[in-house]
Colleague: 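Here it is: the structure, laid out below.
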Amino acid sequence: MSVSTGGKLRIGAYLAHPRPGSFNHAVFDAVVEELRGRGATVLAHDLCAEGFTPLLSADETGTVEAAARTHDAQVALHRTEVATLDAMVFVHPNWWGMPPAVLTGWVQRVLAPGVAYKLSTAKGEPAGLLKAGRALVLNTSDTPADREERERVRRPPAENLDGMCPAVRGSLRCAPGRLPNRHRLSR
């Protein structure tokens with residue numbers, strides 16, 4: 001993701017890891033710092049620290065009609081924000097072959113019909129509604145990459161943004177030793 005200081009990009013950064021001080025927190029902090037240092041307006045959200053509720057209600061399960069107005073202030077805030085973003089960054093571990101439930105729930109509750117996409121029929125192709133032209137998924141795992149690819153049953157939810165953000169091209173794996181020294185965790 002190229003960020004210049006000329007234009008003020010609005011970027012949403014989302015962290016899905018419950019343990020403060022984790023490697024994912026260090027990656028998230030480094031990303032937010034770098035983007036802000038390059039002049040971007042970053043809306044940074046630590047979903048676990050904010051207490052985001054991932055539980056999808058029955059009213060939120062529609063796929064064709066636009067999502068009903070939510071009574072959850074957090075969901076409403078996130079829906080409003082994502083509609084204004086130029087790009088999104090997701091940082092999460094890969095647990096049991098998928099991201100933590102908080103991110104899966106965020107995707108299901110926030111990137112809802114009428115917010116992130118529209119669908120004319122259940123069999124139709126979704127049309128993206130997001131302004132964001134790019135999304136970056138930083139996914140960490142201690143499983144060897146070849147095994148993870150071999151055993152992957154489905155794509156993590158954040159990687160399914162490609163229908164809503166045309167520039168999404170998969171995820172980037174991170175390993176603890178690959179951060180600049182100032183962002184490494186003390187052992």
Colleague: Look at the side-chain heavy atoms of Ile, Leu, Val, Met, Phe, Trp and Tyr, link any pair under 4.5 Å apart, and say whether Leu77 and Val102 land in one connected group.
Modeller: no

Colleague: Which residues pass the side-chain contact (heavy atoms from CB on, under 4.5 Å) test with Asp46, not counting sequence neighbours?
Modeller: Leu15, His25, Cys48, Ala49

Colleague: Does Ser141 reach the side chain of Pro93, with side-chain heavy atoms less than 4.5 Å apart?
Modeller: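 Ser141 vs Pro93: side chains apart.
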
Colleague: With Thr53, which residues qualify under side chain to side chain donor-acceptor pair (under 3.5 Å), at least two apart?
Modeller: none

Colleague: I'd like to check the side chain to side chain donor-acceptor pair (under 3.5 Å) partners of Glu50; sequence neighbours left out, ordered by chain and number.
Modeller: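 Residues passing side chain to side chain donor-acceptor pair (under 3.5 Å) with Glu50: His45.
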
Colleague: If the condition is side-chain contact (heavy atoms from CB on, under 4.5 Å), which residues does Arg36 pass it with, not counting sequence neighbours?
Modeller: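 Partners of Arg36 by the side-chain contact (heavy atoms from CB on, under 4.5 Å) criterion, ordered by chain and then number, come out as Val32, Val42, Ala44.
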
Colleague: What closest approach, in Å, do Gly39 and Lys8 show between heavy atoms, and which atom pair accounts for it?
Modeller: O-CD, 3.0 Å

Colleague: Using the test salt bridge (charged side-chain N to carboxylate O under 4.0 Å, His left out), find all partners of Asp72 that sit at least two apart in sequence or belong to another chain.
Modeller: Arg109

Colleague: Considering all heavy atoms of both residues, which atom of Leu138 and which atom of Val89 are nearest to each other, and what is their separation?
Modeller: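 Reported closest heavy-atom pair: CD1-CG1, 4.3 Å.
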
Colleague: Would a 4.5 Å heavy-atom cut-off, applied to side chains only, mark Leu103 and Leu47 as touching?
Modeller: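 They are in side-chain contact.
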
Colleague: With under 30° as parallel and over 60° as perpendicular, where do the rings of Trp106 and Phe90 fit, or are they tilted in between?
Modeller: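 Perpendicular, since the angle between the ring planes exceeds 60°.
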
Colleague: Check whether any side-chain heavy atom of Pro113 sits under 4.5 Å from a side-chain heavy atom of Leu119, and report yes or no.
Modeller: no

Colleague: Compute the centroid of each ring, for Tyr14 and then for His92, and state whether the two points are separated by less than 6.0 Å.
Modeller: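 Here the rings of His92 and Tyr14 have centres that are no less than 6.0 Å from each other.
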
Colleague: Tell me every residue that passes side chain to side chain donor-acceptor pair (under 3.5 Å) with Thr80, counting only those two or more places apart in sequence or in another chain.
Modeller: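 None.
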
Colleague: Which pair of non-hydrogen atoms, one from Pro54 and one from Ala101, has the smallest distance, and what is that distance?
Modeller: CB-O, 3.4 Å

Colleague: For Leu130 and Met88, which heavy atoms make the closest approach, and how far apart are they?
Modeller: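 Result for this residue pair: CD1-CE, 3.6 Å.
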
Colleague: Can you find a pair of side-chain heavy atoms, one from Asn94 and one from Thr140, that are under 4.5 Å apart?
Modeller: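 The answer is no, as the side chains (C-beta and beyond) never meet within the 4.5 Å cut-off.
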
Colleague: Assess the side chains of Thr41 and Arg10: does a donor N or O sit below 3.5 Å from an acceptor N or O?
Modeller: no

Colleague: Hey, are the side chains of Val82 and Val115 touching, using non-hydrogen atoms and a 4.5 Å cut-off?
Modeller: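 The answer is yes; the side chains approach within 4.5 Å.
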
Colleague: Are any non-hydrogen side-chain atoms of Lys118 and Leu129 less than 4.5 angstrom apart?
Modeller: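 Touching, per the 4.5 Å side-chain cut-off.
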
Colleague: Any side-chain heavy atom of His17 sitting closer than 4.5 Å to one from Arg19?
Modeller: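 Result yes, sub-4.5 Å side-chain heavy-atom pair found.
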
Colleague: Nearest 0.5 Å, please: how far is OG1 in Thr84 from CG in Leu43?
Modeller: 6.5 Å

Colleague: Which heavy-atom pair separates Ala40 from Ile11 by the least distance, and what is that distance?
Modeller: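 Result for this residue pair: CB-CD1, 3.8 Å.
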
Colleague: So, for Trp95 and Pro18, which heavy atoms are closest and what is the spacing to 0.1 Å?
Modeller: CH2-CD, 3.5 Å

